[in-house]
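See structure below.
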Amino acid sequence: MPRTEHDTRPEGAADGAAPPLLRVENLHRHFVTGPPRNRKVLRAVDGVTFDVRAGECLAVVGESGSGKSTLARALMRLVEPTGGSVYYKGCDLLALSGREMREERRNIQMVFQDPYASLHPRRTVGDVVREAWRVHKDVVPKAQQEDRVAALLRQVGLPEAYASLYPSRLSGGERQRVAIARALALRPELLVLDEPVSALDVSIQAQVVHVLMKLHAELGLAYIFISHDLNLVRLVADRVAVMYMGRVVETGTAEELYGHPAHPYTQALLSASPGRATAVDLDDVLPGAVAGEASGPAGTVGCPYRTRCPKARDICATERPELGTGAHPSACHFPAG
Amino acid sequence: SPGGDAQAGRTGGSAQTLTIAIPTDPTSLDPCDSQAADGVGTLRRNVTESLTDVDPGTGKVVPLLALSWRQENPTTWTFKLRPGVKFQDGTAFDAKAAAFNIKRTMQPDLGCLNLGNIPDPFTATAVDTTTLRVVTKGPDPILPLRIGWVDMVSPKTSMTAKTSHPVGTGPYTFVRRTPGTDMRFKRFDGYWGSKPQAREVRYVFRSEASVRAATAKTGEADIAVPIALQDATEDERTRSYTQSRVFFLRLDTDKPPLNDLRVRQAIGYAIDKKNIVTALMGRTGKPTDQMVAPTVNGYVTGYKGPAHDPAKAKALIGQAKSAGVDTGRRIELISRNTLFPGSSDVLQAIIQNLKDVGLDIKLTELDDNAYKDKIHATNSSGQPVSMMAVSHDNAFADASFSFPKYLSSSGTVSTIRDARLDSLLRQADVAAGGKRAQLYQRAARWAYERNGAIVPIAEQFSLLLLSKGVDYKPNGLTGIELPAAQVKLGR
Amino acid sequence: MLIFLSRRLVSSVIALVGVVVVVFFLGRLTGSPAHLYLPQGASQEMADNFNRTHGFNDPLWQQFIRFVGDVAHLDFGTSIWQQRPALTAVTSVFPQTLLLAVVAMTLSIAVAAVLGCLAAARRFGPVDKLITFGSLACASIPDFWFALVGVLFLAVHLGVVPTSGQSDLSSWILPVATLMLAPVGVLTQVVRGAMIEALGSGYVQSARARGLAHRRLVYRHALRNAALPIISVAGDRAAGLVNGAVIVGTVFAWPGIGTVMVDAVLNRDFAVIQAGVFVIGLGIVLLNVLVDLTYAVADPRVRVS
Amino acid sequence: MNMAQELVAGATTAPPVDPGRRGSGRRRRTRLLLRSPLPLTAAIVLVAIMLVSLIAPAFIADAAQRQDLTQRLSPPFQLSDGFAFVLGGDTLGRPMLLQLVVATKTSLLIAALSVGLSALVGSAIGLISGYTGGWVDALIMRLSDIIHTLPSLLLALVILYVLSPSITNLIVVLALTRLPIYMRVARAQALEIRERVFVEASKALGSRPWRIMLRDIRPMVAPTVLTVAMLEVANVILQAAGLSFLGVGLQRPDVDLGIMVASGREYLSEAWFVTFFPGLLVVVIALAANILSNWLRAVDDPGQSALFVSRKSLRDEEVSR
Amino acid sequence: MSPLRDRSQPAPGSDRVVDAAASGTAPLLAVRDLAVDFATDRGRVSAVRGVSFTLQAGQSLAILGESGSGKSVTGKALLGLIDPPGRVRGAIEFEGENIVGWDEARLNTVRGPGVSMVFQDSFDSLNPVYSVGSQVTELLRVRQGLDRRVARERAVALMRQVGIPAAEERLKDYPHQFSGGMRQRMCIALAIALRPRLLIADEPTTALDVTVQAGILRLVRQLQRETRMALIFVTHDLAVARLVASEVAVMYAGRIVERGGIDDIYRRPAHPYTRALLASQPDTARSWSDLRPIAGSPPDKAGIVPGCAFHPRCPIATDRCTTEEPDLRALSADRLSRCHHAEEVLDAAH
Ligand SMILES: Nc1ncnc2c1ncn2[C@@H]1O[C@H](COP(=O)(O)OP(=O)(O)OP(=O)(O)O)[C@@H](O)[C@H]1O
Ligand SMILES: Nc1ncnc2c1ncn2[C@@H]1O[C@H](COP(=O)(O)OP(=O)(O)OP(=O)(O)O)[C@@H](O)[C@H]1O
Ligand SMILES: [Mg+2]
Ligand SMILES: [Mg+2]
């Protein structure tokens with residue numbers, strides 16, 4: 001298991017004895033799209049359930065449009081979910097009023113994919129970080145803010161002098177570290193990382209991953225780490241959830257999932273991932289991949305993956321496979337292994 | 001091509017269209033509104049005619065559709081009408097038609113603007129086809145003159161609504177008006193009189209003064225009327241004419257500081273008419289001390305008003321001030337944009353004079369509607385103290401068209417409440433001939449010397465510009481009637 | 001698309017009705033025009049009479065209700081001044097303005113397209129600088145001043161065009177030029193910018209990489225894309241032509257809606273003002289629909305969605 | 001090596017040396033301006049005109065209004081009557097030069113105040129409209145449509161007939177007729193910016209809507225509004241002049257450039273300079289403002305950026321490196 | 001050789017080149033000292049600073065490097081797509097002729113059937129106002145003189161070839177109706193429509209999902225095998241490069257810093273930058289702590305660093321590196337490196 005020497009997570013947290021830090025239950029987010037006459041319901045997040053335990057890093061993988069970002073935004077209530085519940089330490093976030101939710105935001109923070117877009121271009125790095133304390137006035141008293149900004153910047157590996165710079169002067173990796181510092185400013189317990197490194201060059205990506213994992217280890221932060229890079233996820237995640245068309249199709253510890261992928265989609269993803277693939281096996285990768293996108297059948301009947309699935313049978317078209325419970329559940333009628 | 005007409009003047013072609021450039025569309029095409037011509041006559045004497053006319057040379061009333069008239073008693077007149085006259089729609093013009101027109105004009109519902117010259121409506125009945133009897137409410141010595149303001153339209157015209165397609169007895173038939181563009185007449189072959197030269201008359205509307213003048217300069221129009229001083233040419237193509245028009249100021253008399261005679265007189269002394277009028281009005285103005293032109297019977301020959309004397313003005317204001325009059329109060333000088341070309345400059349120069357003697361004056365130029373509202377508001381206590389710039393014409397040369405309105409207590413635009421003036425005017429109104437003139441002149445003198453609410457500035461002259469080869473001699477009536485028949489087109 | 005259009009049309013017409021309502025109340029604020037239409041010595045009785053016949057005496061809300069009822073039948077009342085239905089008074093001159101506007105706008109777009117493409121092609125060169133400067137200058141000249149100076153030189157001194165009025169073709173020169181001043185100035189810059197952007201865009205680059213000829217790139221690939229901003233700005237400018245038409249109307253005595261509206265304002269001819277506003281507004285609404293349609297024709301992204 | 005140390009060490013190498021980006025945007029602009037002859041000229045002309053018309057009237061206001069009928073329409077370019085009459089005398093013999101100075105001040109004041117007013121109000125409304133969306137937005141946009149539907153000149157004409165002509169009313173009317181432009185610009189920008197990730201980030205921090213509008217969106221909208229406002233200065237000067245020309249703008253003794261053009265227009269053939277100079281001044285001011293705003297836009301848009309930058313000046317810098 | 005080439009105006013002496021290329025004696029492409037700089041309002045930006053390489057027909061070369069290292073600019077320069085204020089120096093010999101300085105008309109004879117390119121941003125590379133079908137048929141009709149019907153058939157065939165399902169129905173669709181992967185496929189279809197002898201693919205898969213990426217990589221390789229087309233594949237992902245190319249050129253700050261066989265370099269990098277790049281790839285790491293980020297920030301194009309451009313970030317930099325610029329040296333027959341300490345690096349990799 002890809003655990004590091006920095007991991008100081010308390011023993012036993014993973015075995016389910018304690019209540020989870022965050023519990024997402026049957027979360028839905030549907031979008032109504034299309035012209036007025038021809039409305040379509042797009043099930044961007046379609047009944048997602050998972051737990052995140054304190055100090056754990058849960059990775060969410062899936063191809064573009066599978067609903068990863070919508071999931072992140074829905075559980076943060078940046079878009080209002082259309083159904084389900086999100087319990088943070090047992091308290092349902094979706095039932096909170098606007099004011100209460102704003103208070104609760106201290107505990108869950110987010111880092112976005114694009115470091116070029118997520119920082120206000122007309123605000124210095126220091127101001128970006130301080131903004132959090134302007135919103136939540138009691139977190140850090142005015143007098144200490146200066147020191148705290150410096151400390152945060154150091155924590156993410158940036159020199160203090162950066163506090164007076166504008167984001168336009170920084171490289172992508174540096175910006176992403178500023179975004180992380182901002183997320184940390186409120187001392188959250190859970191960070192939602194929506195593809196925090198996929199906009200970055202591989203060389204810079206490593207810098208940010210280092211910072212993130214160090215914080216994960218040192219502060220005992222829990223992560224929801226969204227990514228499409230399976231190679232990277234393998235390195236950072238404790239557990240992995242695979243999403244396909246708004247649904248989680250398989251979860252499990254990183255070790256299990258990479259070693260024994262149960263769902264055909266997970267298998268296809270892993271085989272298409274260039275790190276593992278060689279020039280030879282590229283040719284017999286994922287037959288559905290030629291068709292490209294996740295253009296599965298709409299509706300609530302049957303398995304959404306069946307049109308691309310090499311194992312599909314009649315039952316796949318009529319019965320929707322449910323994600324079971326247990327350590328390594330997968331939503332497939334014919335799971336491998 | 002539609003352009004042919006406009007080019008006619010330039011090419012001197014055989015189309016024989018007379019093109020006249022005037023500032024704006026007539027506000028009304030109903031002949032009973034013809035006095036609103038505002039400096040330019042269109043319908044009168046072309047499309048419509050009235051019973052009597054005035055000889056511009058002598059100022060005498062002369063026959064037109066009436067051949068002769070007689071005063072039966074102080075309030076009854078009979079008119080003998082010209083026989084054989086036909087309206088352009090074929091209807092015969094007879095005493096009935098004349099009576100119809102008089103009734104139509106007098107009808108308050110119609111709101112004829114010409115009523116402004118007929119303070120006391122009269123009635124008429126047809127005695128026979130060519131004899132018309134007119135009865136006035138009180139004695140009216142100048143009825144034959146006044147009746148000239150009743151322009152005859154075909155009896156087929158509506159009695160209750162104003163027409164926009166006038167049908168008269170004149171030498172030209174109204175063809176059409178295109179609002180904002182032009183108005184066309186064509187020769188009426190059944191005209192009783194002699195046949196005019198131009199087969200067609202076209203009025204084009206050019207509100208921009210310099211553009212209007214340019215149309216005559218380039219030959220697009222045969223006559224541009226009126227034109228501004230600065231657009232006048234040096235040669236004899238520019239003709240000047242008087243409308244017996246005078247530019248004066250009418251002062252409020254009911255609010256300080258203008259309710260004080262000394263302040264009103266000071267204004268007379270303060271204004272350097274001579275300098276201002278010479279410099280700014282040139283040949284379109286002549287300093288005057290009276291509110292009517294010399295042609296009018298109310299003009300006091302030899303009368304001299306206060307000469308320019310700022311020191312005296314200051315002294316008078318000083319006296320008023322020490323007597324407790326609030327001479328520092330701001331006075332609004334109200335004018336209208338179209339008072340006369342260049343009026344804004346003249347008024348600013350006057351304001352400069354008044355400021356120099358210590359008065360606080362502010363110029364307000366209003367559009368016609370607001371201006372007319374103001375000039376009728378003669379004693380509205382809520383309004384700020386003001387004086388109005390007035391340009392008043394009296395083409396028919398009788399003081400009764402001027403004095404009662406401006407000087408009597410009941411005058412619709414008068415700010416003067418003076419019993420002595422009222423009685424003088426009442427007497428003059430019913431008098432005739434020399435006695436009438438004498439009485440009016442006494443009233444005028446009294447008003448100028450004892451009241452000072454009217455501050456005369458300048459007698460005004462208008463200019464028109466003829467295109468090359470066109471001849472027309474303007475006269476005192478040009479402002480209200482410009483008979484196309486009198487215009488000679490070249491070749 | 002059609003749904004979008006009809007929704008826009010409906011909301012525009014609602015806005016238009018709003019405009020007319022605002023104008024109604026604005027007009028009434030100026031008071032009764034009785035003195036303007038009555039003789040100088042008019043008695044109060046005559047004034048009352050006048051107000052009664054024109055309904056100015058009724059409480060404002062009654063006037064308003066009557067007005068709304070009439071407008072619902074497209075009856076804007078009778079022009080006090082022209083003594084004919086206000087709508088007729090307006091619609092009889094509207095074609096003149098329309099013709100002038102169409103001519104001026106067509107020419108503007110043509111001139112701007114040529115100049116703008118030229119400037120874009122010679123980007124940064126002297127031709128570009130000259131055109132850019134010239135177009136900025138065009139947009140900076142007050143139209144009335146241009147018109148007056150134009151009359152002075154072309155008509156009075158040189159005598160090549162008539163001073164005013166609508167006669168033969170030469171009489172169109174100055175009014176059209178005056179109207180074109182601002183649109184040409186603005187549109188040239190828009191065309192230039194749009195063409196530079198389109199020519200530098202990825203699709204032109206990649207078409208170039210496939211070896212398509214320059215002319216094809218400019219006229220087939222770039223121009224159609226550049227047309228989008230041009231269409232919307234041209235639409236906006238076309239609506240603004242009414243402003244120019246007012247000036248052209250007064251200076252050149254060009255018959256048209258501008259003159260009629262100014263005269264109506266001066267003469268307190270409420271019915272004509274309201275009808276005029278309605279007609280102009282309707283024209284602009286239709287223009288916007290036209291712009292939307294053109295846009296849809298030029299841009300499949302609009303059409304298809 | 002300790003990873004964290006390595007990280008910090010890596011990052012502490014001085015921030016990228018980027019001579020182009022050194023200094024703020026304003027400094028970059030200044031530097032660019034100094035290298036672009038045409039916009040520089042425009043800026044100098046504009047600043048000079050502004051300075052003169054702001055300072056001088058305090059000293060010459062009386063002299064400018066002093067009528068001297070002997071100087072009426074006295075021709076320009078003659079020094080015999082003193083420098084004040086170098087541009088001739090107007091129709092009342094007031095010195096044209098001094099009149100121009102006073103008129104320019106009024107014109108600029110009207111333009112600045114009305115542009116400022118409409119930019120402020122319009123962009124505030126647009127921002128709220130764009131950010132809030134929903135029925136508020138729909139309502140506000142219909143309102144904007146109402147104003148936008150009427151040709152501005154006609155609207156101003158109608159309103160100015162109701163109100164009486166004065167500087168304040170003129171400013172208000174001009175501001176009102178130009179309002180939709182800012183409403184649209186600000187709304188479009190707000191619509192776009194509210195979808196940006198940093199706005200979402202701000203929400204994730206727990207910011208209230210007004211805070212997002214004020215602190216996150218406003219600074220992004222401001223430059224665009226400013227550029228539009230700059231462009232509008234020229235338009236408003238032209239429009240104010242147009243209103244004065246039609247006789248509903250200001251009234252003497254208040255004088256702006258439009259009034260000067262209008263009052264001289266009747267003397268066009270006799271004394272061209274009475275109309276010509278104020279007209280020319282309008283053109284100069286509007287052109288300078290147009291050039292500057294055009295250049296400002298170009299500076300921020302890389303696609304157009306070298307619009308007024310001469311290629312030679314770029315090469316010069318290259319050599320000097 | 002493609003008969004299509006005869007349609008275009010042949011360059012003088014081109015027959016000789018064609019013969020030579022066909023016989024395999026001369027390289028298809030020889031780039032010598034290619035330098036590209038841009039005059040901007042921030043001064044001169046040197047995007048490419050002397051790049052040289054050769055490519056044989058049928059060969060595939062990956063150009064690797066971090067963002068801003070000049071990969072795309074190099075690719076565009078090969079097609080003569082650098083416009084003022086950009087400036088190209090050096091020589092680009094395609095089939096024996098130096099195309100630098102050619103005018104557009106002449107370049108157009110090479111573009112398409114000679115060299116073709118798939119651009120980085122697929123959304124921007126398709127004209128939004130024309131249907132994808134019309135863009136393909138336009139190309140075929142204009143460049144190959146096909147008539148409408150034949151062009152249409154060819155277009156459908158091409159779209160099938162790049163794996164667009166229901167190609168016939170999708171001809172009339174507009175780019176915005178296509179997904180990212182499909183658009184990228186359309187770009188490839190357009191690029192190969194004229195059967196180019198050299199295809200430059202500029203990060204064709206960066207924005208795509210792994211599954212889609214796999215499909216496109218397979219497509220590119222398949223095409224190359226079928227037509228003996230040479231391929232330049234621009235990417236910043238070493239793992240991806242391995243899938244399509246046999247050779248790799250690593251670029252840093254506008255220069256090639258290392259060149260060699262891809263598996264070879266993968267195993268034994270000979271430049272500290274390449275080594276650092278490999279160390280930061282997640283696919284080779286076993287744990288996140290194995291990832292070695294490259295310290296410091298990417299170089300700046302406008303400021304020229306004296307000495308080796310990589311020295312500010314290089315862990316083994318010596319004084320020599322700060323003053324003396326290294327040359328691209330041959331370490332072995334098929335390995336070049338631009339490092340004073342190349343041998344050390346190579347040895348350390350064992
Ligand atoms: N505001 C919205 N309105 C309508 N549809 C939306 C909206 N936001 C997202 N979607 C749709 O929901 C689906 C899931 O989108 P989401 O962004 O969550 O995917 P993702 O997994 O994050 O993809 P990526 O890897 O590209 O970021 C997509 O089909 C997207 O088009
Ligand atoms: N038209 C241009 N004007 C000015 N500078 C340019 C231009 N095109 C490219 N550059 C500069 O040249 C350098 C190299 O750019 P290039 O696009 O080749 O990078 P790249 O290696 O393709 O990076 P990426 O992986 O991000 O695509 C960059 O610094 C870029 O800023
Ligand atoms: Mg996402
Ligand atoms: Mg690139």
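The analysis underlying the following values was restricted to heavy atoms, covering all of them including side chains, and did not include hydrogens, waters or symmetry mates. Residue numbers start from 1 in every chain, and the chains themselves are labelled A, B, ... in the order their sequence lines are given, proteins ahead of strands. This one's a predicted model, so the numbers in the text were calculated from it and none came from an experiment.
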Please determine if D:D62 and B:K355 form a salt bridge, counting it only when a charged side-chain N lies under 4.0 Å from a carboxylate O. no
Cut-off 3.5 Å, side chains only: do D:R94 and B:Q348 have a donor facing an acceptor? yes
Do any N or O atoms from the side chain of D:Q67 and from the backbone of B:N353 form a donor-acceptor pair under 3.5 angstrom? no
Identify which of B:L347, B:N275, B:T364 forms the greatest number of heavy-atom pairs closer than 4.5 Å to chain D. B:T364
Tell me, side chain or backbone of B:I276 under 4.5 Å from chain D's heavy atoms, or both, or neither?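 Both parts, backbone and side chain.
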Please flag which part of B:A228 lies under 4.5 Å from any non-hydrogen atom of chain D: side chain, backbone, both or neither.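 Interface part for B:A228: neither.
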Atom pair CG/OG1 of D:L69 and B:T278 - distance to nearest 0.5 Å: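 OG1 of B:T278 is found 9.0 Å from CG of D:L69.
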Approximate separation, where rounding is to 0.5 Å, of D:L92 CG and B:S344 OG: 8.0 Å
Within the 4.5 Å heavy-atom criterion, are D:Y267 and B:D345 side-chain neighbours or not? yes
